[in-house]
Amino acid sequence: MLTLLGMNHRSASLDLRERACFAEADVPEALARARAATGASEALILATCNRVEILTRTADGSALGRELRDFLAKERGLDPALIDRHAYVHEGLNAVRHVFAVACGLDSMILGEPQILGQLKRAYALARESGSTGPVLDRLAQHALSTAKRVRTSTGISRHAVSVAYAAAHLARTIFDDLHGRSVLLLGAGKMTELTARHLASHGVTDLTVTNRTYARAETLAEALGGHAIPWDAFARELTRVDIVVTGTAAMDPVLTKEHVRTALRGRRGRPLFIVDVAVPRDVEPAVHDLPGVYLYDVDDLQEAADAGLEERRRAAAKARQMIEVEVVGFDRWRQSVELAPTIAALYEHLHRVGRGEIARYGRRLGSLSPEQREIVLDLTRAVIQKVLHTPVVSLKAAAERGEAGSRAALYREIFGVGAADPAEEPGMDTGPTHAISGGKDD
Amino acid sequence: MARVVLAAALAVHAAGVVLAAFGEIKARATVAQQGAVVLAAAWAGQLAALILFGISASAVPLRSGPEYLFVLGWLVLTLHLVLWFRMRVKATALVLPPVAGAMMLAAYLLSVGAPRATALDTRGWFVFHTAIATAGVAALAVSFAMSVLFLVKEHALKSKRSLRVLERLPALEALDRLGFQSLLYGFPLLTLGIVTGMAYSAAEHDRVLIWGVKEVFPLIAWVVFAGILWARLASGTRGKQSAILAIAGFAFALLTFVGMVR
């Protein structure tokens, strides 16, 4: 049984999340302690700034909600009652569904954000390297990662901009094919200008020029961004060179006029110019947008783009949830088929044991057999066992496809008089010991 | 037989156009992929029809206006498939397959493959002239498609309304660059086509024909494209004006057929 206990930005305050969080270096040892404390056969810890989640799997089908709560309380020195109030627990397929949703960014603070995929990948790598994962968590993590990639590709959930600064970078990419090597001029050294510049830099922009009426502030920002500062009265010359202009001064009147830009266009050889005006009141004369090859977007335009982006993400999330449902069913079928493996192995083992007994019993009546004759008898017994079990095994696999593996396996065990199932530890269904009757051709 | 194969291929083509356009407009990657595969199947069928026309006529099927139009449509589809599968440029699915389909449908309706009383010359160098000109116009069709998409994208950026359009189409600069690159391929081929055409006309009629429909429109198209190239190389002029001119140039190049199918 899979059990997940977690806290995220919705269920717990930042303060509590910080106290519950695991440092990456501590995770391998924490995983070992979690398994020892809870009796889980597999475990994984996902700790990011917005969530702390512990995922475990037990071999005997028992849920571990309480054990995980106690482990987290002891490990991080928290009051168990506090965890009860702020943590969520998902079991079985709900845990699977939750892991898939997290991987796809559907449970993130910013819907569809892609960083969580890398964080989950890292959490899985840590768990695997420390020997804390087994067949089920391996499969679940890989399935979740591949599903998340597919969801991103087919729904485009993380493509849509959801903040003003992101929208600016996003729009820049709809004009310029690639932002690597593009040049940006920042007019003003305020917070919004800086944030927009950082978004552009995260998309590959490296050539940043900063100017401000107070030169020292331009220098400070330029240093922080890895760009260079120029005096305020030199910005008009830069308009000829740069691809993108971001303005965010505190000026009450426009600092960038249509005439400024018209003059600059003469030296630009038709290259497009993208101007982002994040200032209120606006820094750029609206008529600049009418100039050919110039695209001016102000705060309202960007906010509209961000709102539309969020709406698109919500739509994509609905599609993603449908895709996740299909994947959850697929995972469940795999899990059921894995659970059949011990039953199938036990059936083969049982019949081979019967075969060995009967060969021994009839051995005296058969008299001394030549090696060839003995081999024929062994082959015959094996063939009978294979034929007898063929239909039941096919039927079991079909039952697993329909989600009825558990009840059908129990029925077969009863019919054949085989003991209770040992939990699955090995994936794959065809693990029956078909060579249990020794002395055959392979010996 | 060839006409039956062509009719079937055109039906498949129509299905491909619908699927590809739907996939592109609705951002359904799987549907767009299916559309591309269906168009590739149509392409193969059209190639088979082309070969059958060639076999039945024992000649390169560039004997008449409709055949020229058919080969042109097929080349345009070829370029679209190259862009789609090799260069991952998918937005042309909205322009090139319908244009290619319309050309081949027109060729079909104008009895492609049928023997014509006014059959064109089938000697090697005349075929060379028509083949070069056809390839040139096909490359210019790509420039046309990029220009159409450029104008749509530019309008979306200026109007600030069609945010979905902004996301679905390639970046404005990419459209401009691809359009210009296709022009760089298409223009020399068109020039060579016009020069060989004039040489043929001089050899056959002892004078260079200029004022016929199929002579004057390619010349106008050539002047338009030369103007775009000159403005681009001399002063970097690009963008909306160049796109409008490229669309006009392609329209003039297509008007050549009025002269060829009459």
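Just so we're on the same page: letters track the sequence lines, and every chain starts at 1. Side-chain atoms are counted along with the backbone in the values below, which use heavy atoms only and exclude waters and symmetry mates.
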CZ/A/Arg266 to OG/B/Ser235 distance, rounded to the nearest 0.5 angstrom?
->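 The distance works out to 13.5 Å.
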Which answer fits [X], side chain, backbone, both or neither, if we ask what part of it has an atom under 4.5 Å from a heavy atom of chain A?
X        : result
B/Arg177 : side chain
B/Lys160 : both
B/Ala234 : backbone

Count the heavy atoms of every other residue, nucleotide or ligand shown that sit under 6.0 Å from [atom1] of [X], and state whether that count exceeds 12.
X        : atom1 : value
B/Tyr185 : OH    : no
B/Arg86  : CZ    : no
A/Arg241 : CZ    : yes

In residues 162-180 of chain A, which residues are in contact with chain B at a heavy-atom separation under 4.5 Å?
->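 Result: A/His170, A/Leu171, A/Arg173, A/Thr174, A/Ile175, A/Phe176, A/Asp177.
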Residues of residues 304-317 of chain A with any heavy atom under 4.5 Å of a heavy atom in chain B |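 Within residues 304-317 of chain A, the residues that come under 4.5 Å of chain B (heavy atoms only) are A/Glu304, A/Ala305, A/Ala308, A/Glu312, A/Arg315.
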So, B/Lys158 side chain and A/Val294 main chain: donor-acceptor pair closer than 3.5 Å or not?
->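 Indeed, once roles are kept as given, a pair shorter than 3.5 Å links the two residues.
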Nearest atoms (heavy-atom pairs only) where B/Arg238 meets A/Arg269 =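 Closest heavy-atom pair between B/Arg238 and A/Arg269: NH2-O, 3.3 Å.
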For residues A/Tyr295 and B/Leu157, report the shortest heavy-atom separation together with the two atoms involved.
->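 So the minimum-distance heavy-atom pair works out to CD2-CB, 3.8 Å.
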Close side-chain approach of B/Lys240 to A/Pro292, heavy-atom, < 4.5 Å =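 Side-chain contact under 4.5 Å: no.
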Portion of A/Arg271 that has a non-hydrogen atom of chain B nearer than 4.5 angstrom |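 For A/Arg271, the contact with chain B is made by backbone and side chain together.
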Quick one: of B/Arg232, B/Lys153, B/Gln241, who has the most non-hydrogen atom pairs under 4.5 Å with chain A?
->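 That would be B/Lys153.
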